[in-house]
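Below you'll find the structure, written out as structure tokens, and then a few comments.
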Amino acid sequence: MENSPVRIHAEELLSDNWYVLKKYTFDLRRRDGSWQSQTREIYDRGNGATILLYNRERRTVLLIRQFRMPTFVNGYHGYLIESAAGLLDNASPEERIRLEAEEETGYRVGHVEKIYSAFMSPGSVTERIHFFIGEYQPGDRVSDGGGLEDEGEDIEVLELGFEAALAMVESAEIVDGKTIMLLQYLELRMLKEGW
């Protein structure tokens with residue numbers, strides 16, 4: 001691209017064991033028009049989707065708890081309370097989030113509403129996450145959920161009062177970024193619509 005602010009000089013594959021880690025050497029055009037040489041390692045794990053399932057009448061949300069090794073090696077106990085989520089794996093965000101919600105929570109989701117998409121760690125990770133909300137009813141449960149054992153998943157399903165979930169954000173029991181964003185979105189929406 002002739003007017004591109006980036007000129008890539010080298011792309012080196014560092015790992016493709018789990019996902020793809022590459023090292024890029026490039027020039028970046030600065031705001032003053034000069035070019036600066038830079039090197040970055042970039043982790044590409046594909047794009048994903050996440051959903052907050054909620055019940056308006058009961059004022060509850062469905063979340064999951066699972067072990068996350070990166071948080072463990074960063075001094076946390078490793079078990080995160082999260083919204084259901086998964087990588088797209090060549091499916092549309094809507095299709096994938098319906099499948100992930102059922103696989104992880106055991107609830108078959110009817111209508112899902114996309115609220116936005118966001119890069120969660122753009123300094124080093126390519127992943128863009130598509131955020132959804134969806135209303136559930138007790139009769140929507142079709143299995144125990146829990147994820148797929150062959151993918152290493154051992155997921156506990158949690159049905160929490162909405163206010164209790166928000167309090168868990170304040171007390172740092174919920175520290176997952178995507179989940180915090182979804183809970184705060186739902187809180188703002190509830191205030192706006194007078195739930």
Side-chain angles (χ1 to χ4, degrees), residues 18-19 44-71 78-121 125-169 173-190 192-193 195:
W18 187 250
Y19 297 109
D44 185 354
R45 48 179 265 118
N47 294 323
T50 186
I51 189 166
L52 180 61
L53 297 175
Y54 68 95
N55 182 287
R56 186 187 311 235
E57 294 157 7
R58 297 167 62 196
R59 295 183 63 87
T60 55
V61 292
L62 285 177
L63 298 173
I64 60 172
R65 184 186 342 249
Q66 65 181 320
F67 182 74
R68 297 295 198 181
M69 186 64 174
T71 69
Y79 286 90
L80 287 190
I81 297 173
E82 306 176 49
S83 52
L87 295 177
L88 298 185
D89 294 330
N90 298 315
S92 72
E94 292 82 3
E95 178 185 2
R96 176 56 59 203
I97 203 54
R98 287 179 200 285
L99 294 170
E100 289 294 333
E102 186 173 330
E103 178 184 299
E104 294 184 358
T105 70
Y107 284 77
R108 184 163 292 148
V109 183
H111 174 72
V112 298
E113 179 184 346
K114 184 173 181 184
I115 53 176
Y116 45 72
S117 63
F119 291 99
M120 299 301 291
S121 190
V125 181
T126 62
E127 180 181 37
R128 181 188 314 222
I129 298 180
H130 302 271
F131 288 75
F132 293 86
I133 59 172
E135 196 161 357
Y136 77 94
Q137 300 298 327
D140 296 338
R141 190 163 201 177
V142 295
S143 74
D144 291 336
L148 300 176
E149 185 177 345
D150 64 338
E151 291 182 5
E153 294 177 327
D154 183 22
I155 295 172
E156 178 186 0
V157 181
L158 306 171
E159 184 174 40
L160 303 171
F162 180 67
E163 286 77 13
L166 286 174
M168 292 170 81
V169 172
E173 292 172 80
I174 295 177
V175 294
D176 175 63
K178 66 186 181 306
T179 306
I180 293 169
M181 290 170 67
L182 283 167
L183 288 168
Q184 290 177 341
Y185 174 87
L186 190 59
E187 179 182 34
L188 291 173
R189 185 167 181 160
M190 290 170 75
K192 181 179 176 185
E193 295 179 6
W195 294 6

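Computed over heavy atoms, backbone and side chain alike; hydrogens, waters and symmetry mates excluded.
In this structure, the side chains of Glu103 and Leu148 come closer than 4.5 Å at one or more pairs of heavy atoms. When side chains are defined from C-beta on, Leu87 counts as touching Tyr19, because their heavy atoms get closer than 4.5 Å. Residues Phe162 and Asn55 fail the side-chain proximity criterion, which asks for heavy atoms closer than 4.5 Å. No side-chain heavy atom of Val125 sits less than 4.5 Å from a side-chain heavy atom of Met120.
The shortest non-hydrogen separation linking Tyr107 to Pro138 is CE2-O, 4.1 Å. In plain terms, the two heavy atoms of Ala49 and Phe132 that are nearest each other are CB-CE1, 4.1 Å. When all heavy atoms are compared, the tightest approach of Val109 to Ala101 is CG2-CB, 3.5 Å. Annotation for Ile97 and Ala84: closest pair CD1-O, 3.9 Å, computed over non-hydrogen atoms. Of all the heavy atoms in Ala118 and Met181, the pair that sits closest is CB-CE, 4.3 Å.
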Worked verdict on Val112 versus Arg98 for side chain to side chain contact (heavy atoms under 4.5 Å, CB included): CA-CA 8 Å; Val112 298; Arg98 287 179 200 285; 3.7 Å; yes

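Listed by chain and number, the residues in a salt bridge (charged side-chain N to carboxylate O under 4.0 Å, His left out) with Glu156 are Arg65 (sequence neighbours excluded).
Judged by distance alone, the side chains of Tyr136 and Glu159 do bring a donor and an acceptor atom under 3.5 Å apart.
Salt-bridge check for Arg59 with Glu163: passed, with a basic side-chain N closer than 4.0 Å to an acidic carboxylate O.
Note that the NZ atom of Lys178 and the NE2 atom of His130 stand 14.5 Å from one another [nearest 0.5 Å]. Between atom CD1 of residue Ile155 and atom CG of residue Leu63 there is a gap of 12.0 Å, rounded to the nearest 0.5 Å. One finds the CG atom of Asn47 at 10.5 Å from the CG atom of Asn90 (value rounded to the nearest 0.5 Å). To the nearest 0.5 Å, the span separating CD on Gln66 from CD on Glu153 amounts to 6.0 Å. Distance check, rounded to the nearest 0.5 Å: CG of Leu166 to CG of Leu160 gives 10.5 Å. Distance check: Ile81 CD1 to Ile180 CD1 gives 11.0 Å after rounding to the nearest 0.5 Å.
Around OH of Tyr79, the count of heavy atoms belonging to other residues, nucleotides or ligands within 6.0 Å does not exceed 12. Within 6.0 Å of atom CD in Glu149, 12 or fewer heavy atoms from other residues, nucleotides or ligands are found, so the atom counts as exposed in its surroundings. Annotation for Asp44: atom CG counts as buried by contact number, over 12 foreign heavy atoms lying within 6.0 Å. Few gaps surround CZ on Arg189; more than 12 heavy atoms of other groups in view lie less than 6.0 Å from it.
Counting only distance, with no hydrogens or angles, the side chain of Thr179 and the backbone of Ser83 share a donor-acceptor pair below 3.5 Å. Without hydrogens or angle criteria, Arg96 side chain to Gly48 main chain gives no donor-acceptor distance under 3.5 Å.
A side-chain contact (heavy atoms from CB on, under 4.5 Å) with Leu53 holds for exactly one of Thr105, Leu182, Thr60; it is Thr105. Test Leu183, Leu62, Leu186 against Tyr54 for side-chain contact (heavy atoms from CB on, under 4.5 Å) and you get one pass: Leu186.
Screening residues 132-148 for salt bridge (Lys or Arg N to Asp or Glu O under 4.0 Å), with sequence neighbours left out, gives Arg56-Glu135.
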